[in-house]
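Numbered from 1 within each chain, the chains take letters A, B, ... in sequence-line order. Quantities reported herein were computed from a predicted structural model and do not represent experimental measurements.
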Number of protein chains: 2
Amino acid sequence: MKAYIPNLSVDCVVFGFDHERLNVMLTKRELLDPITKDVIFIDYTVLGHHVLEGEPIDDAASRVLKHRTGLDHIYLEQFYTFGGLDRMSNEKDQMWTKLKYPMISDHVISVGYYSLVDSFEVKPDDKHENTQWFPVDDLPALGFDHKEMIERALEFLQRKLRREPIGFELLPEKFTISQMQKLYECVFGAKFDRRNFRKKVSQMKYVIPLDEKQKGVAHKPAQVFIFSKDVYYRTKKEKLDFSV
Amino acid sequence: MKAYIPNLSVDCVVFGFDHERLNVMLTKRELLDPITKDVIFIDYTVLGHHVLEGEPIDDAASRVLKHRTGLDHIYLEQFYTFGGLDRMSNEKDQMWTKLKYPMISDHVISVGYYSLVDSFEVKPDDKHENTQWFPVDDLPALGFDHKEMIERALEFLQRKLRREPIGFELLPEKFTISQMQKLYECVFGAKFDRRNFRKKVSQMKYVIPLDEKQKGVAHKPAQVFIFSKDVYYRTKKEKLDFSV
DNA sequence: TTTTGTAAGTGTATTATTTACACATACTAA
DNA sequence: TTAGTATGTGTAAATAATACACTTACAAAA
C-alpha cells in the first residue's frame, strides 16, 4: 500500500439529475468534541481524498468515486485546481483537520473533478449512508472552499454543455425531449421555448427516436429517444449552442 | 526558506504575439554526459518549477514567471493540471531527472498556467539567455508532456478569447484593427474577412479610437485604438463570439 | 361512459446575425 | 511622378434565433 501525498487531494463534484432539479452529491461531516462528545458542527463536503504516491490523478478521482458511491465507469472530467492558502481559512475546517488529520499539511492543493450521473441510478441510501443528494440551488452549509468549488464546476459544466452533448450522461438511456429540455433548463438556470428547443434537437442527428412511447402517464405519451455517441462523432461538425 | 513539495510543480505556457505569429516562450534543456561532457540531447520545455510548501499555486506560477523572464503583473491563468504517470515516460526525461534531480519523485503533478504578453516587451536576449520565442505552429523538440501542454493551453486560450477580450494582453497598449485581426487569426488559425471583422470590433465599445494615426508606414496610415477594461466591465452584456 | 386535467406535438412570420464581396484612399519609396 | 501597399468603407443575401397558440393522446375522476 502506497502512502498518500500529504499536500495533494482530488475532489469530485458529482452532479445528478432527477428530472426535476440538478443535484450534487455531498457527504456529511460531523465534528464531535473528543471528550464531551457534543456536536461541534455539522456540514457537508463534496467527495474527496488524498492522492497516492505514484497514482495518476484521474485514477485517484475514479477511486474516490468508486469508494464513496460504488459508481464505476462514469463521466468524470477535471475542471480546476484549487491551491490557495485561504481554502482552510475557516475556523471549523482548521479544527476538523487538527482533530481528525493532525499529520496532514495545512496547505492542501486539490484537483477538482466533476462527474455526471443519472440520479435514479444512485440512490443515496444504499450502504453509503453519509452521502446524500442536494439541489445545486439549495445547498446546505459546506466545508472548506467547496461552495466555490461547486459553483466553478457548474460554470464549467455549463460551458461544456454549450459545446458538447454531455447532457445525456445525466439522463437515463431512454429519455424524452421534455426530460432533455428540463435538464438543459436546470443546468443553465433558464427557460427555453418548447418548439424552438425541439427544433434544435431535431437537428441533432445523434438524438435518435425509438419506436417506443412513454407508458403510464396521464397525458399524451411522449416519444422515446436515445443518444448515439457513434453518430455524434461521425457528424461532429454541427455546432451546438445553447446560449440563452 | 521553505522546502519544495516534491510531487507538485507549476508550468507556465507564455504566449507572445509579434504581429506576425503567435509564439511560445521555451527554455533550452541540454543534458551532458557527466563524464565525457558529450551532449546527450537538447530540447526545450515551458517555464516551470516546483511549488513551495505553503505557497499558493498562483503565487508559484507568478514566481516562476518573474524569475525566468523578469515579467511581473502579467496575465496569468490556470488551465489544466497534468497528473498522469506517462508524463515522464520518455527515456530522455527519465535520464534528465535521474541525473539532475535524483531526489525528486518520478511522479510529478503539474498545474498548467498560461500567460499572455506582447512579445515586443520581452526580448529573449536580456539576461535570460536560455529562454527563446518559438512559433506555436513550428515548435522544436519538447521535453516531458509539454507538447500536449502547449496544445491544451492554446485550446483553452481559443475558448477564452471567444468569450472575453483578453487578446489585448498580447497587443501593445496602442494598436490598429489590422494588428488585432492578425492576432485573432493567429490564435484561431483562421482568416477573417476584413470588413466583417471591423464591423464586429466597431460594436465593441471598449475598443476606443484615438486621435492618432500610424506613422512611417508605406501606405495609408491606420487609426490607433486602445482597449478600456473599464468600459468593458461596464458594458459586459455584449456577447463576443469569434467562432469561425 | 363522459369529462377533466395534463403534457406532447407541431409551423410560420419576424427579427437579428452572419456572410460574401470590390473599389477608392493615403502614405512611402523608387 | 509613379508604383506599391495596406487602410477604410456599405449593401444584399443567407442563415439562425425568436416569439407565439392550438390540437392530441392518455389516465383519473366523476
Sugar-phosphate only, base, or nothing, as touched by Gln223(B) at under 4.0 Å among non-hydrogen atoms: sugar-phosphate
[N] [atom2] sits how many Å from [X] [atom1], rounded?
X: Lys215(A); N: dA28(D); atom1: NZ; atom2: C1'; answer: 20 Å
X: Asn196(A); N: dT14(C); atom1: CG; atom2: P; answer: 16 Å
X: Lys191(B); N: dT18(C); atom1: NZ; atom2: P; answer: 21 Å
X: Phe197(B); N: dC21(C); atom1: CZ; atom2: C1'; answer: 18 Å

Minimum-distance nucleotide to [X] side chain [options: [options]]:
X: Pro221(B); options: dA19(D), dA8(C), dA26(C); value: dA26(C)
X: Lys220(A); options: dT18(C), dG10(D), dA25(D); value: dA25(D)
X: Arg195(B); options: dC21(C), dT7(D), dA17(D); value: dC21(C)

Residue mapping more 5' on DNA chain C - nearest nucleotide basis, Ile177(A) or Ala218(A): Ala218(A)
Residue whose closest nucleotide on DNA chain C lies nearer the 5' end, Asp193(B) versus Arg194(A): Arg194(A)
Ser178(B) vs dA6(D): side-chain N/O to OP1/OP2 distance below 4.0 Å: no
Along DNA chain D (nearest heavy atom to each residue), the more 5'-positioned of Lys199(B) and Ala222(B): Ala222(B)
Arg29(A) to Phe144(A) six-membered ring, cation-pi geometry met (6.0 Å, 45°): yes
Point-to-point distance, once rounded to the nearest 0.5 Å, from CG of Leu170(B) to CZ of Phe175(B): 11.5 Å
Sub-6.0 Å ring centroid separation between Phe156(A) and Tyr114(A): yes
Main-chain N/O of Gln223(A) paired to Gln214(A) side chain as donor or acceptor, under 3.5 Å: no
